[in-house]
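In what follows, a structure is listed as structure tokens, so that the remarks can point back to it.
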Amino acid sequence: CDDCSSGLYDPDNDGDDNDMDGVCNDGDIEPDCASDMVDDCGDCVGGYSSSQEEVSEHNQNMDCAGVCYGSSAFDDCNVCDDDPNNDCYDVALHLHPSANLISFPALPDDTSISAIFDNTGCSIDGIIGESQGAIKIGGLWYGAMSHVEQDQGMWVIVDHDVEYDYDYPCTLTIEDAAPVSYDGEEVVYSLSYGPNLMSYPYTTSQNIEGAFGDCELKYVFGEGVASEVWNGNFYGSLHSLDPGHGYWVFTEDDCNDFTFPEPDQALAAREVEIVRTVPAAYASVQSIEQAFYFVNNATINGELLEEDDLIIAYNGDVIVGSRYWAGELTDVPAMGQAYSEEGYCQTGDVVTFKVYDSSADEVVEMTADASTEWQDLGYYSISLKNRQLPATFALGQAYPNPFNPVTTIDFELADNADVSMVIYNVQGREVATLISGNLDAGYHSVVWNADTFSSGMYFLHMNAAGFTATQKLMIIK
């Protein structure tokens, strides 16, 4: 540069000219800016013809908080800060027919039941939280639950008698919702001994391992999935805590002032496992009532089940749950009848099990080594093995005998057969028919309630596929 701006003149070179504006650096107001116009962050505004004051109003590298090269930005609610975790967004929870166990990772300013649940696009029969609920009648909500709280998990009951075109026909949408874990205060829980229905407050998933800190847990139930805690490890189909879901958490002791740790997003994305979907023929409808049977061991003819074998839970002849074998402590759900299907479990029902043996392409009856008597939120530890078919036909001894007025008769069928079981009095006259029809091979029992019969001797006669047997029965009143 030879423009003499330094006060000296050297026709060969008066110095450097970084911005190549013809003015040497030594005499240039802004040696790195050809227009000599810079904004408040010191950045050159090349070619800008307005005043310096107007240039400063267009600071391109200043964030919304006035920090040069800062990371603050406005979210959809027009709030400026540098934490993307608390950016408001539109929550969309997809609901399916029947029971949905949900919670809210973000909430609007108006948390009333009507503001949140009136625009789901389908019929909601009710909302059930822990010890409170709400029901909609004539367009108005009634019940103890008037608002949604940050720490609440809840069952949302979608009318499953309505025909829908999609698996998830209803979308619960909340516009401009603020994440509940980043609103200036952590979501704090007070967990009591036993079951607690709670929310998951984050917008990203996290592995269930380590999520509950020092709280001593026994079980965690989600919607149709569960985990058992054993020696500090989690076993079952519930591997992660997910935004939008609610959970029943069973504690060994009170756990006050509990807060979830902030999830590691990379960990959450990497380690979330998907529970295998069961075939429609063996599926059940989700209910607000559920119990889980943790299967320690399951064998057919002494051989452990394989991963494509399916454990199926029954109440009578109604399928109430199923789960693919996943190894030790596979959790098999069993649904209750409330807000659900006819024939689902009620308190005191005995759940039975079968296994679809994938290699043999057959369904095998199983026996459990412990009580399977159902109750809501029940958890059971059992082992299963296949029920061996009897080698012969046989009639067992009635018990009790003598009796008043009820007795039970066991019998065995080596093959499928037409079975007749009839009661005769001492005159040889038929007085009652206990069984008349075709039964599958296996172990069976029948109950005779003789409350309308007088005391005395009676004879039970069994006939099945050519096998006959007779037994004396004594009623004593």
Side-chain angles (χ1 to χ4, degrees), residues 291 312-320 334-337 340-355 362-375 378 382 384-477:
I312 311 160
Y314 288 83
N315 184 38
D317 58 358
V318 177
I319 293 174
V320 294
M335 298 299 157
Q337 190 163 312
S340 192
E341 303 294 296
E342 289 295 326
Y344 277 22
C345 299
Q346 300 182 61
T347 300
D349 287 345
V350 175
V351 176
T352 59
F353 296 90
K354 297 180 182 181
V355 167
E362 64 179 4
V363 175
V364 180
E365 291 190 17
M366 308 293 283
T367 59
D369 66 345
S371 172
T372 60
E373 190 172 300
W374 188 94
Q375 66 176 17
I382 62 174
L384 299 174
K385 63 180 180 180
N386 64 308
R387 197 171 189 177
Q388 301 286 347
L389 291 178
T392 61
F393 290 85
L395 174 64
Q397 290 293 323
Y399 58 93
N401 187 26
F403 64 96
N404 177 28
V406 175
T407 189
T408 300
I409 303 105
D410 293 333
F411 59 99
E412 302 172 9
L413 303 178
D415 295 299
N416 298 348
D418 289 324
V419 178
S420 171
M421 195 170 287
V422 179
I423 305 293
Y424 296 91
N425 62 19
V426 291
Q427 285 79 35
R429 186 170 63 252
E430 180 179 330
V431 294
T433 298
L434 303 185
I435 296 175
S436 179
N438 189 271
L439 296 179
D440 293 337
Y443 298 88
H444 301 269
S445 64
V446 63
V447 174
W448 182 30
N449 187 337
D451 59 352
T452 61
F453 292 82
S454 59
S455 297
M457 180 80 71
Y458 294 83
F459 297 92
L460 167 67
H461 184 74
M462 173 183 170
N463 191 328
F467 168 82
T468 61
T470 301
Q471 184 177 150
K472 293 179 181 180
L473 304 177
M474 179 68 72
I475 301 174
I476 298 178
K477 295 186 175 180

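The structure presented is a predicted model; accordingly, all values stated were derived computationally and were not measured.
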Query raised in the report: Which residues satisfy the side-chain contact (heavy atoms from CB on, under 4.5 Å) test with Asn425, sequence neighbours excluded?
Result: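 Applying side-chain contact (heavy atoms from CB on, under 4.5 Å) to Asn425 gives Gln427, Arg429, Val431, Tyr458.
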Considering non-hydrogen atoms only, spot the tightest contact between [X] and [Y] and give its length.
{"X": "Met335", "Y": "Trp374", "value": "C-CZ2, 4.2 Å"}
{"X": "Ser445", "Y": "Asp410", "value": "CB-OD1, 3.0 Å"}
{"X": "Phe453", "Y": "Ala432", "value": "CZ-CB, 4.1 Å"}
{"X": "Ala417", "Y": "Ala465", "value": "CB-CB, 3.9 Å"}
{"X": "Ile476", "Y": "Asn404", "value": "O-CB, 3.0 Å"}
{"X": "Val320", "Y": "Gly343", "value": "CG1-O, 4.4 Å"}

Report task. Evaluate side-chain contact (heavy atoms from CB on, under 4.5 Å) for Asp440 paired with Leu413, printing each intermediate quantity in order. Result -> CA-CA 7 Å; Asp440 293 337; Leu413 303 178; over 6 Å; no
Query raised in the report: Does some side-chain heavy atom of Val355 sit less than 4.5 Å from a side-chain heavy atom of Asn386?
Result: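 Not in contact.
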Query raised in the report: What ring-ring contact (aromatic ring centres under 6.0 Å, His included) pairs are there with at least one residue in residues 409-431, not counting sequence neighbours?
Result: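 Sorted pair list: Phe411-His444.
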Report task. Let me know which of Asp418, Val422, Val446 forms a side chain to side chain contact (heavy atoms under 4.5 Å, CB included) with Ile435. Result ->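 Of the listed options, the one satisfying the test is Val446.
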Treating [X] as the side-chain partner and [Y] as the backbone partner, does any N or O pair qualify as donor plus acceptor under 3.5 Å?
{"X": "Gln471", "Y": "Ala398", "result": "yes"}
{"X": "Asn315", "Y": "Val351", "result": "no"}
{"X": "Thr372", "Y": "Thr352", "result": "no"}

To the nearest 0.5 Å, what is the distance between [atom1] on [X] and [atom2] on [Y]?
{"X": "Thr433", "Y": "Trp448", "atom1": "OG1", "atom2": "CH2", "value": "11.5 Å"}
{"X": "Met462", "Y": "Leu434", "atom1": "CE", "atom2": "CG", "value": "11.5 Å"}
{"X": "Phe467", "Y": "Thr392", "atom1": "CZ", "atom2": "OG1", "value": "7.5 Å"}
{"X": "Thr367", "Y": "Leu384", "atom1": "OG1", "atom2": "CG", "value": "7.5 Å"}
{"X": "Asn449", "Y": "Thr407", "atom1": "CG", "atom2": "OG1", "value": "10.5 Å"}
{"X": "Thr470", "Y": "Asn463", "atom1": "OG1", "atom2": "CG", "value": "9.5 Å"}

Requested in this report: Identify, with sequence neighbours excluded, every residue that meets side-chain hydrogen bond (donor to acceptor under 3.5 Å, both in side chains) alongside Glu362.
Outcome: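 Result, side-chain hydrogen bond (donor to acceptor under 3.5 Å, both in side chains) vs Glu362: none returned.
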**Report entry** Candidate pair Phe459 and Lys472, rule side-chain contact (heavy atoms from CB on, under 4.5 Å), full reasoning
**Finding:** CA-CA 5 Å; Phe459 297 92; Lys472 293 179 181 180; 3.6 Å; yes
